[in-house]
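Numbers restart at 1 for each chain; the letters A, B, ... are given by sequence-line order, proteins then strands.
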There are 2 protein chains.
Amino acid sequence: MTSSSGPAGASVAVRIGTMESSSTTGGSTRREATRQKLYEAAVTLIAEQGFSATTVDEIAERAGVAKGTVYYNFASKSVLFEELLRHGVGLLTASLRDAAEQTAREGGSRVDALDAMVRAGLVFIDRYPAFTQLYVAELWRTNRAWQSTLMVVRQQAVAVVEGVLREGVAGGEFSDEIDVQLTAAALVGMVLVAALDWKSFQPERSLDDVHAALSRLLQGRVSGKG
Amino acid sequence: MTSSSGPAGASVAVRIGTMESSSTTGGSTRREATRQKLYEAAVTLIAEQGFSATTVDEIAERAGVAKGTVYYNFASKSVLFEELLRHGVGLLTASLRDAAEQTAREGGSRVDALDAMVRAGLVFIDRYPAFTQLYVAELWRTNRAWQSTLMVVRQQAVAVVEGVLREGVAGGEFSDEIDVQLTAAALVGMVLVAALDWKSFQPERSLDDVHAALSRLLQGRVSGKG
DNA sequence: GTTTTTGAACTGACTGGTCAGTGCAAAAAC
DNA sequence: GTTTTTGCACTGACCAGTCAGTTCAAAAAC
């Protein structure tokens, strides 16, 4: 009903990784491809309308499969959403960890690591804006079926930032008076909101541009003539 | 269905100000009181479950009024929600503006003004956590009925922060290379996410404590032994 | 007596989930 | 190498339940 005529896939969809499709494990490719299509369809629809307002019929239609196929691949609407959540945050966490480790490997400081993670976060949001949107919208809700799942994956992601902060404190690079947990949350929020604003209201700007602005803030280079 | 027996108001509800109830304008107080009860009921329920998942019956029950009363006071579920949104953000905006003006009146710097606004933000979130939750969950959604309303009120609030940043740049207190719009968004995000984390995961901590942590970050007092 | 609230019944549209059946490619049987 | 069987993946009409919104007579509240 919403989208008029063309039933051919919308192409705007956001790909959420490939898990372990090709290479070694043969695993039925057909099913995996269908699941992927369903993820892509669900992520944009739920980001736009929210979980409850998005119908399974819509997801199926957008993915170009029958409704029954959704239930053949996922136990329920909630399960589909939960797996989508787990999958997406898994990618983000891996990306953050990579950024931190690579910086360390190259002998960078902890601030460099933080900066690299800010960039990794921006790259992720740039690639999967709909997923990010959906994640933020659900994160602080309570009393929902997937709450525990959400908490687990959130903690995995935030822990990476906290880890770098703690190392920085231990190594004397950061003040030992900082509140690691709260600072980590604040940093995540900084990137999250700035990036969502970027995508929503100034999508034409480059990632480097946005990254530069956040770097400045991160390193306290705001005060002064510059 | 959800809450078991007790129909007597839950008391957890978040009061969303009083706008212009008392004082000069007499205005039928009775109706206003009913509206207030409906706001309180709606804000917590929608924060927890989302708009679509919250039924009008639930709202009425939680508010302790009949369903007909909801429709006597508001044209529709959406309208109730929109007015709630406008009302809440109006309060926040006023609070931020107050903080900035008061700092200026007392001869504080722009950093002081920013700091005061961070505190004002924390106070607001401390007082109306459910509203904040709901606001964040809806802010970046698209294709929804109240999208335009949301954009308007968002801009009002962010503009206050942007204003202070611009004044700071003009007065030479801030680098003229900062990106006002993006920096404002990042600051808002910093406070928003840190505060929601505070309320969700460390609710026992004091506001001053949280404010101190954010102040440190804001003023770049993170690096160094401290 | 006017305004506001009540509360229960009703409607019509919509939605998550089900299930009997279809299509088809590879394996098995011949 | 042709025919038959198998079973995975998918289909889409259908059902039972839910919900926003309506209606209205009667009761409260002012």
How many whole angstroms separate atom [atom1] of [X] from atom [atom2] of [N]?
X        : N       : atom1 : atom2 : answer
Asn73(B) : dT3(C)  : CG    : C1'   : 12 Å
Gln36(B) : dT4(C)  : CD    : P     : 17 Å
Arg31(B) : dA29(D) : CZ    : P     : 18 Å
Glu32(A) : dC8(D)  : CD    : P     : 17 Å
Arg35(B) : dT4(C)  : CZ    : P     : 10 Å
Leu38(B) : dT4(C)  : CG    : P     : 15 Å
Tyr72(A) : dG21(C) : OH    : P     : 18 Å
Glu61(A) : dC10(D) : CD    : P     : 18 Å

field: Sidechain N-carboxylate O distance under 4.0 Å for Arg154(B), Asp197(A)
entry: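 The answer is yes: the pair qualifies as a salt bridge.
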message: Taking the basic N atoms (NZ, or NE/NH1/NH2) and the acidic carboxylate oxygens, is any pair closer than 4.0 Å for Arg62(B) and Glu58(B)?
response: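 No salt bridge links Arg62(B) with Glu58(B).
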Sequence neighbours left out, cut at 3.5 Å: what donor-acceptor pairs do the side chains of residues 114-122 of chain B make with other protein atoms?
from: Asp115(B); atom 1: OD1; to: His211(B); atom 2: NE2; distance (Å): 3.4
from: Asp115(B); atom 1: OD1; to: Ser215(B); atom 2: OG; distance (Å): 2.4
from: Asp115(B); atom 1: OD2; to: His211(B); atom 2: NE2; distance (Å): 3.2
from: Asp115(B); atom 1: OD2; to: Ser215(B); atom 2: OG; distance (Å): 3.4
from: Arg119(B); atom 1: NE; to: His211(B); atom 2: ND1; distance (Å): 3.1
from: Arg119(B); atom 1: NH2; to: Asp208(B); atom 2: OD1; distance (Å): 2.2

Give each protein N/O atom lying under 3.5 Å from an N/O atom of nucleotides 24-26 of chain C, with the pair distance.
none

message: Looking at Thr34(A), I'd like to know whether one of its side-chain N or O atoms comes within less than 4.0 Å of OP1 or OP2 on dC10(D).
response: yes
query: Can a side chain N or O of Thr69(A) be found less than 4.0 Å away from OP1 or OP2 on dA9(D)?
result: no
Polar atom pairs (N or O), protein with nucleotides 16-21 of chain D, under 3.5 Å:
from: dA20(D); atom 1: OP1; to: Thr54(B); atom 2: O; distance (Å): 3.2
from: dA20(D); atom 1: OP1; to: Lys77(B); atom 2: NZ; distance (Å): 3.0
from: dA20(D); atom 1: OP2; to: Val56(B); atom 2: N; distance (Å): 3.1
from: dG21(D); atom 1: OP2; to: Tyr71(B); atom 2: OH; distance (Å): 2.9
from: dG21(D); atom 1: OP2; to: Lys77(B); atom 2: N; distance (Å): 3.0
from: dG21(D); atom 1: N7; to: Lys67(B); atom 2: NZ; distance (Å): 2.9
from: dG21(D); atom 1: O6; to: Lys67(B); atom 2: NZ; distance (Å): 2.9

CA sep, side-chain torsions, deciding dist, call: Asp179(A), Arg205(B), side chain to side chain contact (heavy atoms under 4.5 Å, CB included): CA-CA 12 Å; Asp179(A) 183 306; Arg205(B) 298 187 58 169; 2.3 Å; yes
message: Please name the nucleotide paired to dC30(D) by Watson-Crick or G-U wobble geometry with both distances under 3.5 Å, or report none.
response: dG1(C)
Show me the side-chain donor-acceptor pairs of residues 129-137 of chain A shorter than 3.5 Å, one per line, residues at least two apart or across chains.
from: Thr132(A); atom 1: OG1; to: Tyr128(A); atom 2: O; distance (Å): 3.0
from: Gln133(A); atom 1: NE2; to: Ala47(A); atom 2: O; distance (Å): 3.2
from: Gln133(A); atom 1: NE2; to: Trp140(B); atom 2: O; distance (Å): 2.9

field: Inter- and intrachain pairs under salt bridge (Lys or Arg N to Asp or Glu O under 4.0 Å), touching residues 88-101 of chain A, at least two apart
entry: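 Pairs touching residues 88-101 of chain A that pass the test: none.
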message: Check the orientation of His87(A) and Tyr39(A). Use parallel for under 30°, tilted for 30 to 60°, and perpendicular for over 60°.
response: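 Aromatic pair His87(A)/Tyr39(A) classed parallel.
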message: Quick check for you: to the nearest 0.5 Å, what is the distance between Leu218(B) atom CG and Leu214(B) atom CG?
response: 8.5 Å
query: Can you list the residues that meet the ring pair (Phe, Tyr, Trp, His ring centres under 6.0 Å) rule with Tyr71(A), with sequence neighbours excluded?
result: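 Counting only residues at least two positions away or on another chain, Tyr71(A) forms no ring pair (Phe, Tyr, Trp, His ring centres under 6.0 Å).
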